[in-house]
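Let me begin by presenting the structure, written as structure tokens, before commenting on it.
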Amino acid sequence: MFEQTFASELATNIGSRVEVATDNNLIEGILSTVTTELVLVIDVSSGYGQNTKLYVSLDAINFVRFPSVA
């Protein structure tokens with residue numbers, strides 16, 4: 001039940017900059033897609049080339065932060 005509420009709350013922030021923490025990683029990028037099982041974060045690098053798509057299982061997330069842009 002909590003995962004559904006968490007996913008729906010995350011979905012309201014699609015398109016925002018996000019920091020997603022797991023046990024092993026801190027992922028920073030743009031929140032692209034949220035499903036009931038996965039979160040897709042696009043890591044937008046400042047260089048040339050393709051952006052990296054990072055899929056994170058919803059149950060592997062320890063916390064999510066939306067940093068403010070100054």
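- Under the 4.5 Å side-chain heavy-atom criterion for Ile, Leu, Val, Met, Phe, Trp and Tyr, Leu26 and Val64 are members of distinct hydrophobic clusters.
- In this structure, the separation between CG on Leu40 and OH on Tyr55 is 5.0 Å, given to the nearest 0.5 Å.
- With sequence neighbours left out, the salt bridge (Lys or Arg N to Asp or Glu O under 4.0 Å) criterion links Glu19 to Arg65.
- Here CD of Glu3 is found 9.5 Å from CD1 of Ile61. Values are rounded to the nearest 0.5 Å.
- Interatomic distance, CD1 of Ile30 versus CD1 of Ile42, reported as 9.0 Å (0.5 Å rounding).
- For the atom pair Thr35 OG1 and Leu58 CG, the distance stands at 7.5 Å (nearest 0.5 Å).
- Within the 4.5 Å cutoff, the side chain of Val34 has no heavy atoms near those of the Phe6 side chain.
- Listed here is the closest heavy atom pair of Glu28 and Val41: C-CG1, 4.2 Å.
- Under the side chain to side chain contact (heavy atoms under 4.5 Å, CB included) rule, Ile27 has a single partner from Leu54, Val39, Thr52, which is Leu54.
- With contacts defined as side-chain heavy-atom distances shorter than 4.5 Å, the pair Asp23/Asn62 qualifies.
- Taking CZ of Phe63 as the start and OG1 of Thr22 as the end, the distance is 9.5 Å to the nearest 0.5 Å.
- Atom CD of Glu37 is separated from atom CG of Asp59 by 8.5 Å, given to the nearest 0.5 angstrom.
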